[in-house]
Amino acid sequence: MLIDAEILLNYQRCNRRAFLDLYGDRAERDPPNDYLLKLIQDSQENQRLFLANQTFHHPQYPSGDWQAAASSTLGLMRQGVERISQGVVITTVEGVTLLSKPDLLVKQPGQSLFGDWLYQPVEIKLGKRPKLEYQILLTFHVQVLAQVQGAWPETSSLILRERGEYEIDLWEMLPRLQEILDACIQTLSRPQEPEVFISRNRCSLCHWFSHCYAIAKSDHHLSLLPGVTPARYVQLQERQLTSVKSLADANPTYLEPLPGFGPDAAHKLVRQARSVLQNRAFLIDSNRELNLTHWSTHRYTAAGFSANELPTAPVELYFDIEAEPSLKLVYLHGVLVVDHTSKTEVFHSFVAKCPEEESLVWQQFLELVWTYPTAPIFHFCPFEVQTVERLGKLYGTPSSRIQPLLTRFVDLHERVTRSVTLPVESYALKPIARWLGFNWRDSTANGAQSIYWYSQWLATGDLTYLDSILIYNEDDCRATHHVKTWLVSFLQAAYQPALA
Ligand code: SF4
């Protein structure tokens with residue numbers, strides 16, 4: 001068995017992924033999506049920039065011949081060259097071959113099999129934080145290198161794009177690496193593949209996603225039920241609650257005392273299973289009902305809306321931002337203005353055609369939203385509010401322009417999750433709006449794709465990329481409007497018996 005840093009990294013993210021990478025049918029992998037390719041390119045560019053002013057040696061070897069690569073790298077280390085880029089170091093421990101390819105090997109003073117010098121590995125990462133998985137990876141390189149050179153480097157560093165050099169604590173990381181490595185070898189030594197478990201965060205960028213999702217779908221796997229975490233799934237499995245039906249039939253009080261549950265989660269999970277089983281929306285708790293304020297009964301002022309309100313106003317704004325987190329750049333503010341009096345819907349988009357225009361489009365956005373000084377601003381999740389606060393600080397916008405604005409924001413995700421349970425796999429905008437019958441014009445578009453389109457627009461100046469972003473953003477605003485309209489009518493119908 002051969003374990004390299006990539007398998008170890010993927011094992012830390014998902015044991016099934018490491019298994020499939022080693023033994024799975026490559027034809028069943030998804031082709032890399034545009035966003036993933038962009039990340040790979042960005043990472044390579046980051047390495048290129050870091051190495052641009054340094055001199056280093058490359059081992060010479062035929063492509064894919066790791067033994068030749070390791071032998072060439074060993075030759076360079078014996079010569080005592082200062083830096084080796086893309087070196088390959090191999091060792092075998094108890095029948096398992098460990099293959100390490102650190103971004104850089106840097107010569108240090110010290111005693112090793114080579115003489116009075118040794119090497120330490122360096123990893124160059126695009127990320128901002130020294131993630132644990134990166135530290136484990138670097139420790140893996142250290143361990144393999146120590147076997148080959150007969151000496152442990154005292155330190156080893158990650159080079160992070162924004163933070164610069166980060167020295168890891170080797171003595172803290174070594175036992176953790178050993179634990180992960182042992183578990184990884186055990187998993188990969190067993191004949192059966194680890195069970196599928198769909199978790200949106202980690203699966204969304206995995207090349208086995210379509211393969212795993214199809215299995216989860218056909219098995220009606222509980223991981224597709226919002227609220228079933230890996231830890232809770234273990235508890236449910238131990239009690240033979242492994243189907244949506246069994247969970248829907250369960251008494252929540254039976255689940256309450258289980259580790260990781262409690263009264264709230266137990267009731268929520270059973271209700272979620274019932275909603276999926278019956279394919280219908282459930283009202284959550286009439287004691288905490290939202291106040292459906294309507295302009296005919298509510299005098300709209302600039303005072304804004306309380307957290308218990310779901311307002312309907314003469315003019316409503318539906319707001320969605322497109323941003324590139326790695327550049328901390330907001331490149332689009334999209335606002336759908338819905339005027340119930342004139343029965344019109346007009347979409348406004350403020351696009352930064354280059355990063356320097358962020359401030360300009362911020363001002364244009366402010367002008368539009370202040371044209372309707374009492375209109376509620378609906379958005380989905382807290383990102384829009386956080387961004388408005390951040391941009392206000394960044395561009396020194398007077399607080400008299402920001403604070404009243406913030407009170408007009410209504411987070412529809414919060415209102416939905418507080419008031420209804422829906423038969424969806426996740427409470428993101430897309431699954432909810434789709435269940436309600438809304439369709440995006442480009443069914444494959446998503447936030448990551450929008451980031452890729454924007455990078456392509458900057459690189460090529462091709463307007464079709466900007467058009468794709470605008471269509472996607474407008475549809476997000478319209479989907480938010482669709483969800484809001486449905487929620488108001490659902491709650492009105494649900495509250496009716498209580499009002500009668
Ligand atoms: S799609 Fe998810 S469950 Fe499947 S291998 Fe990838 S990360 Fe693991």
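Counting convention: from 1, in listed order, for ligands and their atoms alike.
For F319 and H379, the distance between ring centers is not under 6.0 angstrom.
To the nearest 0.5 Å, atoms CG (L99) and CD1 (I90) are separated by 4.5 Å.
Listed by chain and number, the protein atoms of type N/O/S under 2.8 Å from atom 4 (Fe) of ligand 1 are C212 SG; waters are omitted.
Taking the centre and axis of the six-membered ring of F261, the NZ or CZ atom of R232 falls inside the cone set by 45° and 6.0 Å. For the pair K38 and Y452, the cation-pi test (distance below 6.0 Å, angle within 45°) is failed.
One finds a salt bridge joining K217 and E425 here, because a Lys/Arg side-chain nitrogen approaches an Asp/Glu carboxylate oxygen to under 4.0 Å. In this structure, K125 does not pair ionically with D103, as no charged nitrogen and carboxylate oxygen lie closer than 4.0 Å.
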